[in-house]
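Below: one structure, written as structure tokens.
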Amino acid sequence: MNGPTKSTISKTTKLLLAPKTTRYQSLLKHYGASQSLTRTIQLHAHLITSGLLSIDIRSVLVATYAHCGYVHNARKLFDVLPQRGTLLYNFMIKMYIAKGDYFEAMKVFLEMLGSKDCCPDNYTYPFVIKACSELLLVEYGRVLHGLTLVSKFGSHLFVLNSLLAMYMNCGEVEEARKVFDAMKEKSVVSWNTMINGYFKNGFANTALVVFNQMVDSGVEIDGASVVSVLPACGYLKELEVGRRVHGLVEEKVLGKKIVSNALVDMYAKCGSMDEARLVFDNMVERDVVSWTSMINGYILNGDAKSALSLFKIMQIEGLRPNSVTIALILLACASLNNLKDGRCLHGWVMKQRLYSEVAVETSLIDMYAKCNCLGLSFSVFTRTSRKKTVPWNAMLSGFAHNKLATEAIGLFKKMLMEGVEINAATCNSLLPAYGILADLQPVNNINSYLMRSGFVSNIQVATSLVDIYSKCGSLESAHKIFNTIPVDVQDICVWSIIIAGYGMHGHGETAVLLFKQMVQSGVKPNDVTFTSILQSCSHAGLVDDGLDLFKFMLKDHQTIPNDDHYTCMVDLLGRAGRMDEAYDLIKTMPFMPGHAVWGALLGACVMHENVELGEVAAKWLFELEPDNTGNYVLLAKLYAALGRWEDAENVRQRMDDIGLRKAPARSMIGVGTVNW
DNA sequence: GTAGGGTTAG
């Protein structure tokens, strides 16, 4: 062991020469700094027995206990001190903040305001503002903001930064912006708070803009800056921007683990698993979050298998998964219908005491339900605490997924009776059940509940309602709900549903009208909307409208039509008897037409007794799906309709040759069409 | 002694 150094000798010597109380005070400060609770308690006891507990010593003891996080003793001593300076109040507030007891922190602050001998300073405000932020007490936060303005700390950087964070955390983006713009001096923390705040409040684009401004204005970015901006890149799938940020990370050597984790997540969310993997593989040290982010990436990109195998490697490497990892892996099992691994994981989770985590319970309920093991799902559910909303939601969607509508609705009623908090996700899990029932009365009941409770203002809830009403055939009610959605909230989803609703029920004209309204309101149609509108035209026989829309799709939207779109168009033209146009369209297709396209043509040929093109379509169909009996039957039907019995017989022979005619053919083509 | 940062979920 080395002997005491020169400096410690002189310190110790000084201490020995000092009066006893000063020595104890120094000792306590030392204990506070090193958070030695046991020693503090021992010294406290010694001070009591030796009668040395002066007011000064008691003050230091409060600070020491506060630093050690021993709330009970700190509070007891603090309460009986005759004089409490700002510093001591600050220590108490800081202690409560560190413990996450924001309410108590606020109480101490209020005491401080009421005391005559001290007032808050630039250290106090950031703490209490954080407390407001965590408690979402924005009104109180505003009062604090006012207090800082009348004090001399209104322009203190730390105070302002904490105000920014508070406003952002409470969703007061504008207010944060005002404070930010008025700041004479900004630090990297100010910028980071804005970037992160914008993203968390749903303004991912603005987050990117602010980040760019920050870089342009020459502020030296740090790890927190990139960790704040990368989620926005991932969310917006801005791969190029993400890559540039990655470049900055390498340039500034921000090689922290958390930064790499954020990069992995960004690449994964942008769909570039190769780059995610590269960052992951190059990491010197990986933690649970690194592995979990990769696993999440594979799941997001539809590769649940790789997610599972990475999870296995993770365990081989000795890393312990947390509840997030487990929740994800269970999700992967659910999507793969992999009951075996799911059950295995269930057992492991029980042993690891991760079971009681809500996310894990919920994922288990979900996994079993998706693997169609509703019994197991329900037995996990019955063992949950039953107070939290999420497992109920998972059970609701489990029932709905297994088409057990009545059970889902029953469970929801139970939820109401047991006083479990209902949220928008609950409604979204429940509503598909009503779609399965397709019975108007219960739908009206739930609708009035959703109106009263205000959940209809949630766009997904409203969308579900529109969907259910149109499934029930009540287009009027569907449209009524649709109209309650503010125009700027109506998204492509709800538009597609209402349009498809009208189309499905043969109101092609209305569907087309709505489609035009949608485009006018600035909502960009996507693949699905185009398919549904073209189908609507086809069903209603609106040939010209369909052709116009198809042209519109090509020209104005520069959407490359897919197989579904061509199928709709061929169907549309074919039904109208415009066979040659249909065939010409097929010939212009930029990719190989699929069976659906040829099927539509063949169907139309049968309808209009066009053998020439029917034979062409059938030839392709026999090649593309040689085992589909339907195609042979259709061709035979076409021949038979024209009295070409010999050809019909040849088709039958061909079916026999490839061993297709196992079932009696009559049932397939309708009675009496062809006599085999 | 003070401010900002990562993975999941129904």
Side-chain angles (χ1 to χ4, degrees), chain A residues 29 32-33 63 66-67 86-95 97-98 120-130 133 153 156-166 168-169 186-197 199-200 221-231 234 254 256-266 268-269 287-297 299-300 321-332 357-366 369 381 388-398 423-430:
Chain A
K29 278 180 190 165
H67 282 133
T86 302
L87 188 67
L88 220 48
Y89 273 106
N90 287 351
F91 284 153
M92 288 297 286
I93 294 171
K94 186 189 169 194
M95 172 187 72
I97 299 278
D121 64 6
N122 55 312
Y123 290 101
T124 323
Y125 284 116
F127 283 133
V128 283
I129 291 168
K130 186 185 169 71
S133 169
F153 306 109
H156 192 276
L157 182 63
F158 279 62
V159 173
L160 288 167
N161 282 345
S162 55
L163 280 171
L164 288 181
M166 186 272 294
M168 280 301 196
N169 200 35
K186 296 181 181 90
S187 68
V188 61
V189 174
S190 328
W191 288 94
N192 294 350
T193 309
M194 291 304 281
I195 295 166
N196 180 45
F199 175 67
K200 292 230 166 108
I221 63 162
D222 66 5
S225 318
V226 298
V227 172
S228 298
V229 76
L230 284 173
L254 305 170
K256 275 165 103 180
K257 195 160 48 181
I258 184 168
V259 170
S260 302
N261 287 348
L263 281 169
V264 168
D265 177 59
M266 178 276 294
K269 293 221 167 95
D287 62 6
V288 204
V289 178
S290 328
W291 288 88
T292 309
S293 302
M294 272 309 284
I295 288 170
N296 180 39
I299 294 174
L300 282 179
N322 63 17
S323 59
V324 180
T325 329
I326 300 295
L328 283 168
I329 291 301
L330 287 170
L331 187 75
E357 296 252 0
V358 207
V360 173
E361 286 175 336
T362 309
S363 310
L364 277 170
I365 295 170
D366 185 57
F381 172 72
K388 297 217 169 101
T389 308
V390 268
W392 288 82
N393 292 356
M395 200 59 239
L396 282 176
S397 30
N423 60 23
T426 315
C427 305
N428 287 320
S429 307
L430 170 74

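Keep in mind the model is a prediction, meaning the values are calculated, not measured.
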Could you tell me how far apart [X] ([atom1]) and [N] ([atom2]) are, to the nearest whole angstrom?
X	N	atom1	atom2	answer
I97(A)	dG4(B)	CD1	P	10 Å
N322(A)	dA9(B)	CG	P	13 Å
Y89(A)	dG1(B)	OH	P	22 Å
L254(A)	dG4(B)	CG	P	20 Å
F127(A)	dT2(B)	CZ	P	6 Å
N161(A)	dT2(B)	CG	P	14 Å
M92(A)	dT2(B)	CE	C1'	18 Å
W291(A)	dT8(B)	CH2	P	18 Å

Nearest to the side chain of [X], heavy atoms from C-beta on, is which of [options]?
X	options	result
A425(A)	dT2(B), dG10(B), dG5(B)	dG10(B)
F158(A)	dG5(B), dA9(B), dA3(B)	dA3(B)
T193(A)	dT8(B), dA3(B), dG4(B)	dG4(B)
V189(A)	dG5(B), dG1(B), dG4(B)	dG4(B)
S429(A)	dT2(B), dT7(B), dG10(B)	dG10(B)
D265(A)	dA3(B), dG1(B), dT8(B)	dT8(B)
N90(A)	dG1(B), dG4(B), dT2(B)	dG1(B)
K200(A)	dA3(B), dG10(B), dG5(B)	dG5(B)
V259(A)	dG5(B), dT7(B), dG10(B)	dG5(B)

Base, sugar-phosphate or nothing for [X]? Non-hydrogen atoms, less than 4.0 Å.
X	answer
I258(A)	base
S293(A)	sugar-phosphate
K269(A)	sugar-phosphate
A262(A)	nothing
D287(A)	base
T292(A)	base
L230(A)	nothing
S187(A)	base

Is there a donor-acceptor pair closer than 3.5 Å between any side-chain N or O of N169(A) and the backbone N or O of S133(A)? yes
Test item: N428(A) side-chain N/O and A424(A) main-chain N/O as donor-acceptor pair under 3.5 Å: yes
Between the OG atom in S190(A) and the CZ atom in F158(A), the distance rounded to the nearest 0.5 Å is 9.5 Å
Excluding sequence neighbours, so at least two apart, what forms ring-ring contact (aromatic ring centres under 6.0 Å, His included) with Y89(A)?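 Only F78(A) meet the ring-ring contact (aromatic ring centres under 6.0 Å, His included) criterion with Y89(A).
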Tell me, please, which residues at least two apart from F91(A) pass ring-ring contact (aromatic ring centres under 6.0 Å, His included). H67(A)
Which heavy-atom pair separates D222(A) from N192(A) by the least distance, and what is that distance? OD1-ND2, 3.1 Å
[X] side chain near [N] phosphate (N/O to OP1/OP2, under 4.0 Å):
X	N	result
K94(A)	dA3(B)	no
K130(A)	dG4(B)	yes
N296(A)	dT7(B)	no

Between the base of dT2(B) and the ring of Y123(A) - centre-to-centre under 5.5 Å, planes within under 30° - is that a stack?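 Check failed, Y123(A) does not stack on base of dT2(B).
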Angle between ring planes, F153(A) versus Y125(A), binned at 30° and 60°: parallel, tilted or perpendicular?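 Answer is tilted, since the angle falls between 30° and 60°.
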Kindly say whether, by distance alone, the side chain of D222(A) makes a donor-acceptor pair under 3.5 Å with the base of dG4(B)? yes
Is there a donor and acceptor pair, one atom on the side chain of N192(A) and one on the base of dG4(B), closer than 3.5 Å?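 Flag set: donor-acceptor pair detected.
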